[in-house]
There are 2 protein chains.
Amino acid sequence: MYNDLIPAFQIGGIVAAPKGNMSYRDIKKVVLDRIQNRIWGPDSLLPGEIELAEEFSSTRTTVNRALRELAEEGFLERKRKAGTRVLHSPARKAQFAIPLVRDEITDAGATYRYSLVKREVMPAPSWLTAKLALKPDREVLHLQCMHFADNEPFQLEKRWIIVESVPEVLEADFTASGPNDWLVQKVPFSNLELSFFATKADEDTAGFMDASVGDPIFATQRTTWLRGEPVTHAVLYFTPGYKMTTRL
Amino acid sequence: MYNDLIPAFQIGGIVAAPKGNMSYRDIKKVVLDRIQNRIWGPDSLLPGEIELAEEFSSTRTTVNRALRELAEEGFLERKRKAGTRVLHSPARKAQFAIPLVRDEITDAGATYRYSLVKREVMPAPSWLTAKLALKPDREVLHLQCMHFADNEPFQLEKRWIIVESVPEVLEADFTASGPNDWLVQKVPFSNLELSFFATKADEDTAGFMDASVGDPIFATQRTTWLRGEPVTHAVLYFTPGYKMTTRL
DNA sequence: GAGTGGTCTAGACCACACA
DNA sequence: GTGTGGTCTAGACCACTCG
């Protein structure tokens, strides 16, 4: 039954170490299989690295890498002196790439088109001042942009850029390409907060997207800081029916 | 300006390598800072590992670990023979933990309460048969559960479990604790697909949540396989206003 | 073919956490 | 104190991929 999983190391349904030397990948596979088959059940303590190195006729360095990666992936918990334990509920971690919209669209084989909807220099709205803990009366550049996939509306972007943090932004031309492109080029980012939520299309949004007022809209929100200073805040509204998916 | 970032290695605004030996963490910091300050700009080629090891008076092994991790984090691209390049657009990756609902609630300091709403053994609905590529006429256990935080509705869970894949599930008692707990205990998972999307509350959902019909609802969908066999499919509807957040 | 990263080895010292 | 993982070193061979 498990033969397709780890063919080489499978002996009568029990995971056995092969005779030859094993790579850290091999060791990961064997250890993971033992966890999944409850040979090392939840909360149980694994043998020490030295002992495992002997069993796998490998070195501690190699075993260490295997176990370290399994811990990073959320299967194990490692503590000095206490040893390595199997996590009770595998605290798996989902990983998402955060692509540029353009990449997301072209990677899907569609044609990308960009359009600047609105550009406005204004004092920071109070909610933004509060959210980013800005000093009062900061100036921001507010932009609204549409991103199209094969000429269908794909994403509406509402962005606020703190002028004080990147004064050059006032000179930038956003009619041909979006602020994200510019920011990626110009500002080395250092810190990011990312949120996902659902909202409903208001009249304005519905007008831009191919949507009716009240339609549920999947949206993400990104706030970026550079060395502690807030740089930009963006809300991205996706076309109705958009689904973000990942496998692991 | 950058002094608070890497105080020890900062000399007049230019990143310099210190005299003593550096850990792989130190090397990561220096390399990342050089990327962010465009000393090594987008698409540029980094020196080879040996050269860097000399600069940092370290070894290739240590430099290798630093660069490998920066590549995993989406800053660099590494190829044999071609060398190490700075990625043009930092393909940053967002990581989310995938906690059990209970943990999510108790970690937030709230009291968790569970309630089984519906339990039904039924033939697999056709959409599920199609989605999971089931053989025709499989039997599934369908469950609906509510998860409360401080007695406020937090999440509505609709789950389908393929009986053939885990026959014992028919004997399990889900009145006191949820199917997720049981599955985590019982079934070593091997493969997972995770989706996020927005939907709107129908009458049924609105009745369970503290919501009005038509309210936007943030939802996630999880499908789990065990060694290629579909085990369970779940859709989790969050209370209106729920926002999933991560920092990096 | 040749250069780069990928990985393994054998050994050492260190840092933390538990008793 | 003492045992475990965390990390570094110095050297070696291998594998991929570019020219």
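Order of the sequence lines fixes the chain letters, A, B, ..., with proteins taken first and strands second; residue numbering starts at 1 for each chain. All heavy atoms count here, side chains included; hydrogens, waters and symmetry mates do not.
- Positionally, the nearest nucleotide of DNA chain C for A/Thr62 lies more toward the 5' end than for the other of A/Ala82 and A/Thr62.
- Nucleotide D/dG5 holds its P atom 11 Å from the CZ atom of A/Arg85, rounded to whole Å.
- Across the protein-nucleic acid pair, B/Leu67 atom CG and C/dT4 atom P stand 14 Å apart, rounded to whole Å.
- Scanning both residues, B/Leu116 and B/Cys145, for their nearest heavy atoms gives CD1-SG, 4.1 Å.
- A salt bridge links B/Glu69 with B/Lys28: at least one charged nitrogen is closer than 4.0 Å to a carboxylate oxygen.
- Protein atom CD1 of A/Ile50 is 15 Å distant from nucleotide atom C1' of C/dT9, rounded to whole Å.
- The separation between A/Lys81 atom NZ and D/dG3 atom P is 7 Å, rounded to whole Å.
- C/dG5 atom C1' lies 17 Å from atom CZ of B/Arg65, rounded to whole Å.
- Note: CD1 (A/Ile27) to P (C/dC8) measures 7 Å, nearest angstrom.
- Atom CD in B/Glu49 sits roughly 15 Å away from atom P in C/dC8 (whole-Å rounding).
- Remark: the A/Arg80 side chain and the C/dA17 base include no donor-acceptor N/O pair separated by less than 3.5 Å.
- A/Glu49 has no carboxylate O lying under 4.0 Å from a charged side-chain N of A/Arg65, or vice versa, which leaves the two without a salt bridge.
- Using a 4.0 Å heavy-atom criterion, one finds that A/Arg60 contacts the bases of the nucleic acid, with or without backbone contacts as well.
- Ion pairing between a basic and an acidic side chain is recognised when a charged N comes within 4.0 Å of a carboxylate O; B/Glu77 and B/Arg85 show no such pairing.
- The backbone N or O of A/Ile39 lies less than 3.5 Å from no partner atom in the side chain of A/Asn37, so there is not a single donor-acceptor pair.
- Rounding to whole angstrom units, CE of residue B/Met22 and P of D/dT7 are separated by 15 Å.
- Here A/Tyr24 does not reach the OP1 or OP2 of C/dC8: none of its side-chain N or O atoms lies under 4.0 Å away.
- Two residues, A/Thr61 and A/Thr84, neighbour DNA chain D, and the one matched to the more 5' nucleotide by heavy-atom proximity is A/Thr84.
- Among C/dG5, D/dG11, C/dT7, the nucleotide with an atom closest to any side-chain atom of B/Arg78 is C/dG5.
- Side-chain atoms of A/Asn64 lie closest to D/dG5 of the nucleotides D/dG5, D/dA10, C/dG6.
- Looking at heavy-atom distances under 4.0 Å, A/Arg25 makes contact with sugar-phosphate atoms alone, never a base.
- Applying the Watson-Crick and G-U wobble criteria (two distances, each under 3.5 Å), C/dA19 pairs with nothing in any strand.
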